[in-house]
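So the structure is just underneath, and the comments pick up after that.
Nothing here was measured: the structure is a model prediction, and the numbers come from that model.
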Amino acid sequence: MIKYFLMNLLLSGIWVALTGSMYYTNFLFGFLLGFFVLWIMNRNETDQRYFYRVPKIISFIFYFLYELIKANVQVAFDVVTPKYFFKPGIVKYPLNAKTDFEINLLTTMLSLTPGTLILDVSEDKKTIYIHVMYLTDAEKFVMQTKTGLERRLLAILR
Amino acid sequence: MKSAILQTATRYLLPILLLFSFFLLLRGHYFPGGGFVGGLVASIAFVLHSLANGTASTMKILGYKPISLIPIGLAISTVSIMLPMLFNLPPMTGLWFEEPIPVIGMIGSALFFDLGVYLVVIGVVLTILFTIALDE
Amino acid sequence: MLFTVLAGLITSSLLIPFGKLIKTKWSILLPFIPVVLFLFYVMHVPSIAEGTNFVQRVNWVPSLGVNLDFRLDGLSLLFALLITGVGTAIFFYGRTYLKGHIYFDRFFGYLLLFMSAMLGVVLADNILTLFIFWELTSISSFFLIGFNNDDKSSRDSALTALSITGLGGFFLLAGLILAGNIAGTFVISELFMKHEVLTIHPLYPLIIGLLFIGAFTKSAQFPFHFWLPGAMKAPTPVSAYLHSATMVKAGIYLLARFTPILGGTDLWSISLMVVGGFTMIFAAVHALFRIDLKGILAYSTISALGVLTFLLGLGTPAAIIAASVFILVHALYKATLFMVTGIIDHETHTRDISVLSGLRKVLPPVFVAALLAALSSAGLPLTFGFIGKDLIYEATLHFNENWTIWLTLLAVLTNVGLVAAGFMAGIKPFAGKLPSAFSNIHLPYPSLWIPPLVLAIFGLAFGLVPGIIGNYFNHQTANAIAGIETDMHLKIWHGFNLVLILSMATLLAGTLLYVVNKPSSSKLQMLARFDGLSPQAIFRRLARGLKDFALFFTRRFHNGYLRAYHLKIILFAELLLAYKLWLSGPISIDFDSLTPLSWYEVVIVAILIGALYIIVSAKSRLASVVSTSVIGYCMCLMFVFYSAPDLAMTQFTIDTLTTVLFVLVLYKLPGFINFTSKTVLMRDALVALGFGAILSLIALRVLFEPNTTEISNFYGENAYLLAKGKNVVNVILVDFRVADTLFETVVLSIAALGVYSLIRLRLKSSEKE
Amino acid sequence: MELLLVLVLGLLYAAGVYLILRRSLVKLLLGIMLLGNGTNVLIFLLGKITKGSPPVIDESYKVFQDIYADPIPQALILTAIVISFALTSFAIVLLKRVYALVNSDDLDDLNTPEEEDL
Amino acid sequence: MIDIILAILSTVGALSILFASIGILRMPDFYLRLSVTVKASTLGVGLLLICAAIMFPDVSVTTKAIAIIFFLIITAPIAAHMIGRAAYFTGTPLWKDTVIDQLAGMYNKETHELESNGGPKNSEGGSEPPNIAKSEEETE
Amino acid sequence: MIDNHILAPVFVQLFTAVIQLMFWRKTLTQRYLSVGGSFIGLLVAIRLFSRVYQDGILTMNAANWDAPFGIVFVADLLSVTLVLLTSIACFAVSIFSSIGVSRQRMLYGYFPIFHFLIMGLHGAFLTGDIFNLYVYFEVIIISSFVLMTLGGRKAQLEGAVKYMAMNILASMFFLTGIGLLYGLTGSLNMADLALKVRQVQDGTLVGITSCFFILGFGIKSAVFPLYYWLPSSYHTPPSAVAATFGGLLTKVGIYAMLRVFSLIFVPDEFTRTLLMVIACATILTGAFGAIIKTNIRRLFSYLIVCHIGFMIGGIAMFSKLALMGVVFYLIHDIAVKTNMFLIAGLIRQLRGTMDMDKLGGLYRDYPKISVLIALVLFSLVGIPPLSGFWPKIFLFQEAFLQTQYFFVAALIVGSFVTLYVIANMWAQVFWKNPPREEEVDDRFAPMQPYRKLLMVLPIGMLALTTLYIGLNAEAIVLVAEKISSQLIDTSTYIEAVLNKNNEL
Amino acid sequence: MITLETYFDFVILPILSISAMLVFIRLYKGPAIVDRVIALDLIITIGIGIITVYSIRADQQVMLDVAIILALIAFLGTIAFAYYIEKQKK
Ligand code: NA
Ligand code: NA
């Protein structure tokens, strides 16, 4: 899989060299072009993970950005209006993520989403404690996150 | 105090910061940066590591006591400064290779001097901070 | 001459390594040094008598005008003979007196040093060289007075003596340099020609004032006389040698030496007459109340020194002749009496004249010596003292008409006292019944009693044949002092005249006084009631006052509080700078030349000021630290705005590190406690704001002062072309000004080493210093 | 704007002076740091400040094409900052030792009577 | 066209930062302040950096901008986590309307270790009451 | 004349220190390195001195940038004389330290830091650049802090805190002054500044700027009313350290003052009056303090203050004669004051205390050492013809010429108090028997002979130096005269630094 | 006509500046030390924003180097505070 990624990078590099334009959009374009070429060439290979994963990553990024903006707007609204709408609380969240890298990525994502903030990870790395701004129901919040962010993230990583 | 998140983060922050410090060191002659800032950033990398994992484990990565970097750095600086005297030039005169080297640019005694500064700064900052941290 | 001066010095320093040797029978070598020197100077007598002067010049510090210039004339020779002659006697006497003393070698070391120094003083032909030896006499005297160093009173006396003579010495130095400056030379024989220049100079009073302080302290003139009785704590040979015969006369020598240079004015004469006159009568009276033999002798010495000063003050040829003779007279009889006292003390272990009596029976040769000396001091005809006294009266009688009676009366009264004192010291212990306690006393070694006897016999011989000393060579002394040819004809018999009547009357009155006066400790105690008014007490009070003031001053300024020091430093800076700023006039601001103002700068500055306020008023350390960081980051932003990226980076990283450091150390500390009162806070705030304002104003002024940019232009133009770098700041750091950077890294390294050792090093208690 | 910097440096000096007149060792340290900053601002200001023109020669040129900020004060301040850092860090550790010894940061508690001299 | 994009990006960025600032000022407790500020400011600065990347034609600027964004993204949550945890540890009170505090009593007092399941096992006074404030006070 | 080797004294010390750092914790090696390095340093200094004495001013353009663009190092006679004296003192202290400093301190970097300190001093004397001078000042300050606190007792920490705070304040004034100077002239090279300062239109600004240097160097050299750090700290560190401090540190302030006020700001009437007032007050302050102290190191500290006043007075009079006095005094003072503190250390070794009330009996027990010490003590007092006497002649002469009678009086008071306290010290420490014989803690007697020798040898060496200064005063006067002429007429210095030898 | 430059100067930079002011008020008020710490952290982040905009406005991309350093190491201060706030309580 890393082989494909490096190949893809090489292709985009060649593209940049060929066109002679160092502008970053050109590089991006070269990357997409390279991806497409690679995908075409390796359609019949057994290991197709790279070609699934890239779209997944892209869709995850958009998902994340959407969540980010949505929540940001919500918080921003709350911040500037005189009345507070939030119901904060600290929630215990059992982790599906196993490795350090997974946990780290998840916590970073969670922390960067407005309304949630990781306070700590338990010693055995099975639980995280999240400070949530808009908490109607702790169980519901845990379920939503599990099916939303964590599932999507793990899908990319595994 | 241990934080798993911080520990994991330092695992990739340490190389990033070190890389960045080299970057600052090498380009100092052309852009903002240089031995001082480079050394400071490098030492911050280790300080961060020690905050996350404990000073003992950072010392293990370093291998040597940071205090031993000080004479090495000073020696490099001093030698690069006295080298011109061999060519009957005043000490501290900049000596340069004729041709520029890719990425780094011109190689000269100034760079060695900066390298000495870089090492001294790392040695100094880490000696100070680790000494205090270990005195608990 | 140089060698004679150095002989003592060299031998003295040889005693440091060879001290043990000289404690053995080799000690017999010691007296030969003064003997040889004495003979050397005796050999010069004929030529000096003919009026020849010897000069020797050895360059030493020519660029300063300080050279080993020596000159032997009548005055120097008299003193040189005294120093070596009495020295010979003292060395023989002292060798026996101190036999077996553990510090025998040290004693003679000092004595030799002293002899050298004294010879140097009298022979020097350069006023600074003279001063050098002058100080050496003080120092050797210090060591000799404090010779019995485990005795507190010895130490105190030594200290007093050194303080008084030392202080006088510094005044003297100032005076000599001033005189030398005005005259343009430090060479004494050249100064003779500058009499006119010096005496009409407006600073003349200052010169002689300084000189007098030097001379009076050394020669124990009132009110500086009190160190001399204290100096009697020294072993008796020392008292005999230094504190009667030679060193105390250094002041007299100085006055005599400077008479032809600075003398001859009313100021000179009157000062000397007043001080000398008062001293001689004051000390003579005091002598009568003493019961300690040495005390009597000390006061009579002071009185005699007063007489000499007085005579020099009179300044007439007659007076000068009198002085030049009296110096010798006094030296001979006083040294004798001291040595006799030493023998008495040595044998009876007391010097109390109310206890001592009848010793003539057990110490006959000593008695002879003492008697001769006492009679000489009383001025009995046929003794040398008689001639001395005659000359004194001669001098007073032939001074200014209006004063004759008073001056003569003064001289007579003093002499009456001196006669009585001389008898008390020289006759009283030997007269009367021998107490049983002293009956088993034996005559000591001849080497102890021969020296005084010899000196006493000299006193008699010179009296019998005054011509051999006086007319032959002493008139050269007088010539040297007067600076002109004097007319000296010493005779045993002048005929029956007023002077003789006065002499006889003095002798009679003195004898009567001796018989009537019964000094006792009760009288002494009565006298002690006036001690509070004595110069000694006044000096002591002054010294204590000075010490108290010193304590007050030191405590006041150096009170242990760092903030108080800072306050004083800052206030001083403010005063200085404010004064300068005030002088420099109004400031004009050229607004057009300023860079435009931006929003973000104002905000950053506002934040910075806010952070400053937090720091200044914070109750919590961490809040202060956070605010310090804020200031650092604001500075960083300012550096970014004003085109200093390197600075911004460094400021930021270093600030972050400092914060980490602070936090590492501070978390243990408790919160600030406010100890200080509101008023103090207000005061400090005012001081601080004042300082800030001053700095701002100065910066503002300098800001609008045009400057050249030659160097920074050079850097800009050559950074790449010559130094191959484009970041000019970095090029400066690693090339143009690399020396700064190298040593800056050294500073960093030292700090790190310091931190390391400060934390790690824990000394064992035995290693603490 | 220069006047702003003039104000800043005055206040930095003032605050620094105020703090070194206090009893607490921590405040003393902070005061010293502020004085250092004040001095830096003064040097920076008197080197004649300019905006938006760092003394870095453009990549494509060998000499400056435009005005540039005076690099000398910057180099001086850089040195001064590093030196201050050295002093400050040593002083901070000194503070730590003092605290360990007298259990406060009150300078008056540190005063040692003369009787304890060696 | 590009100017309009830049204007929008920069405006959104600046406003995010402004909201973060208002948030840190207005929010009633520390955790809320922390929660609001971390992401809003990261987002805001990120957007401004993207503006810079677009404005400067050089690749180096783009890479720098990306690097900065990347560094901010990885460091900001860590910093927030560390300080939040420290605040909780030192008993910084939660807002009075806080709904639930499942962290209460989970820390081992001596070792500072955090348990994962079933609340505190070690006796030590059992489950601690949630650390919810009645009013704001100086807590140092 | 250009000579690329004039920094050799600096480099010798730097190398010694760096190599010692490489032998961290090997105390024996460090001792050998220290003595060896100091010895080489001394030889180098002698060579440099004789070269400069014969050939005149030598310069070295660091990094080959002509003055005023780079940092120039200048060896004029004043510099090399001080370098030579510092080297002598360094050699002596280095030997003394090998015995007089505890092994624990050596384990934690005593020697390297000592050599860094000496390096800083050499650098300060040799540099021709005002900011570079500041850097050396900082080297000196930081290394002296460290030496002072090494293994600190409470009193040492107290001393160090005060020393630190006030010295940093001094640096602040100094650096501010440099900033103002740069603002006025755009230059940092001292010779160049000399020329450019004269072109500044607003003369009052130059005056104001000079005040900052007076303040900065005034604190450094411990003058009234800025002296507090000195008596607060000098009695605390180990004697070898105190010796370095006492002999050399305040003198750097005097050196800097001499340099800056001869070259850049020629003292005007106001400055001279100010300095004269300061000088008199300093002498009295030192004298008062010295009278009341019973601890010999505290006493010496105040004597340092007192004698600094002499030198400041000379600078205030600013004439050839006066400066000869200052330079002579400086030379004498370095040798003597260093030795005084070594002696204090020896006395402590002999008796276990430095309090005069508890001391005694040295003359009885150690007569030869006592004689040696007496020689030094009386040199300090200026008993003629020992070294302290000669410079006073110049000072008196010039004071009379300029009718500075207050200064004459202060000189007399200062000299007298010095005499008194030293004589008193002699009586207390050497003559008097120890008040409690049983409490005498003689650590010297049980030492091995070679260790005894190593302790006394440096004192003897310095005493010989002092003796030479006193007895061969002519040589010193000649040196002082040359230096003084160079200080009065700085054109040779300026030409030597700024000569465009490329164009010649 | 409103150019992007004037927009940055008169809209974006003032907003950022005001934000910094507001955060500083929090830093001033506290109340807890952790509040001050996060305020400090936010000020630095805003500083990065200001530097970015400034570098655009001054056309000085070297200033972004400063921003990189800020972004990389600013959190060290926060972590140090956090570390020792906890330690202090221990
Ligand atoms: Na979130
Ligand atoms: Na740099």
Side-chain angles (χ1 to χ4, degrees), chain C residues 598-611 613-614 617-630 632-634 636-637 639-671 726-727, chain G residues 9-10 12-21 23-25 27-37 39-41 43-44 46-48 50-51 53-55 57-58 60 62-70 72-90:
Chain C
S598 322
W599 254 98
Y600 41 88
E601 289 168 60
V602 179
V603 170
I604 296 299
V605 167
I607 291 175
L608 196 149
I609 294 171
Y613 178 74
I614 296 178
S617 63
K619 300 274 186 296
S620 122
R621 278 163 229 279
L622 281 172
S624 303
V625 175
V626 173
S627 307
T628 317
S629 308
V630 172
Y633 301 144
C634 289
C636 168
L637 283 179
F639 288 140
V640 170
F641 298 151
Y642 294 115
S643 334
D646 279 282
L647 269 185
M649 283 178 176
T650 315
Q651 174 89 36
F652 183 80
T653 38
I654 282 194
D655 226 79
T656 306
L657 276 172
T658 311
T659 307
V660 174
L661 255 175
F662 249 124
V663 171
L664 270 165
V665 169
L666 281 187
Y667 74 94
K668 275 187 177 167
L669 273 68
K726 290 192 167 176
N727 177 5
Chain G
D9 280 356
F10 293 104
I12 303 298
L13 278 172
I15 290 177
L16 294 179
S17 306
I18 289 167
S19 308
M21 270 320 276
V23 181
F24 182 74
I25 295 171
L27 189 140
Y28 179 74
K29 279 165 67 176
I33 189 68
V34 280
D35 292 295
R36 296 201 161 114
V37 174
L40 178 66
D41 196 69
I43 285 182
I44 299 172
I46 296 173
I48 298 174
I50 293 179
I51 292 175
V53 178
Y54 181 79
S55 73
R57 277 298 295 113
Q60 285 296 338
V62 287
M63 294 305 178
L64 283 178
D65 295 0
V66 183
I68 298 186
I69 294 211
L70 259 67
L72 253 181
I73 63 178
F75 84 117
L76 182 76
T78 310
I79 287 177
F81 276 115
Y83 193 95
Y84 285 97
I85 287 166
E86 259 188 46
K87 215 162 181 183
Q88 192 177 26
K89 278 283 144 123
K90 198 165 181 176

Output, in order, the C-alpha distance, side-chain angles, deciding distance and verdict of side chain to side chain contact (heavy atoms under 4.5 Å, CB included) for C/Leu666 and G/Tyr84.
CA-CA 9 Å; C/Leu666 281 187; G/Tyr84 285 97; over 6 Å; no
Please lay out, stage by stage, how G/Phe24 and C/Ile607 fare under the test side chain to side chain contact (heavy atoms under 4.5 Å, CB included).
CA-CA 7 Å; G/Phe24 182 74; C/Ile607 291 175; 3.5 Å; yes
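Two residues are said to be in side-chain contact when any heavy atoms from C-beta on lie closer than 4.5 Å; G/Tyr83 and C/Val663 fail this criterion. By the 4.5 Å heavy-atom criterion applied to side chains, C/Tyr633 and G/Leu40 are counted as neighbours. With contacts defined as side-chain heavy-atom distances shorter than 4.5 Å, the pair C/Phe639/G/Val66 does not qualify.
Contact count against chain G (heavy-atom pairs under 4.5 Å) is highest for C/Ala611 among C/Cys634, C/Ser627, C/Ala611. Per-residue heavy-atom pair counts under 4.5 Å with chain C were compared for G/Val37, G/Ile43, G/Leu27, G/Ile25, and the maximum is reached by G/Leu27. Put simply, of C/Pro645, C/Ala606, C/Ser629, C/Ser643, the one with the most heavy-atom pairs under 4.5 Å next to chain G is C/Pro645.
Taking the six-membered ring where the residue is Trp, C/Tyr600 and G/Tyr54 present perpendicular rings, their angle passing 60° and hence far from 30°.
Taking both residues in full, the closest heavy atoms of G/Ala80 and C/Val660 are given as CB-CG2, 3.8 Å, listed atom of the first, atom of the second, then distance. Pairing each heavy atom of C/Val640 with each of G/Met63, the nearest pair is O-CE, 3.4 Å.
Neither the backbone nor the side chain of C/Phe662 comes within less than 4.5 Å of any heavy atom of chain G. Both the backbone and the side chain of G/Tyr28 come within less than 4.5 Å of a heavy atom in chain C. Contact annotation for C/Cys636: only side-chain heavy atoms (C-beta onward) come within less than 4.5 Å of a heavy atom of chain G. Using a 4.5 Å cut-off between heavy atoms, G/Leu70 contacts chain C through both its backbone and its side chain. With a 4.5 Å cut-off on non-hydrogen atoms, G/Ile69 touches chain C through its backbone and its side chain both. For G/Ala67, no part sits under 4.5 Å from any heavy atom of chain C, backbone or side chain. Interface remark: C/Thr659 contributes side-chain atoms only to the contact with chain G (heavy atom separation under 4.5 Å). Residue contact with chain G, scored on non-hydrogen atoms closer than 4.5 Å, is absent for C/Ala618. Residue contact with chain C, scored on non-hydrogen atoms closer than 4.5 Å, involves the side chain of G/Ile44 exclusively.
Distance check: C/Arg621 CZ to G/Ile33 CD1 gives 12.0 Å after rounding to the nearest 0.5 Å. The distance from atom CZ of G/Arg57 to atom OG of C/Ser598, rounded to the nearest 0.5 Å, is 9.5 Å. Here OG1 of C/Thr653 is found 11.5 Å from CG of G/Leu72. Values are rounded to the nearest 0.5 Å. Between the OG1 atom in C/Thr656 and the CG atom in G/Leu76 there is a gap of 7.0 Å [rounded to 0.5 Å].
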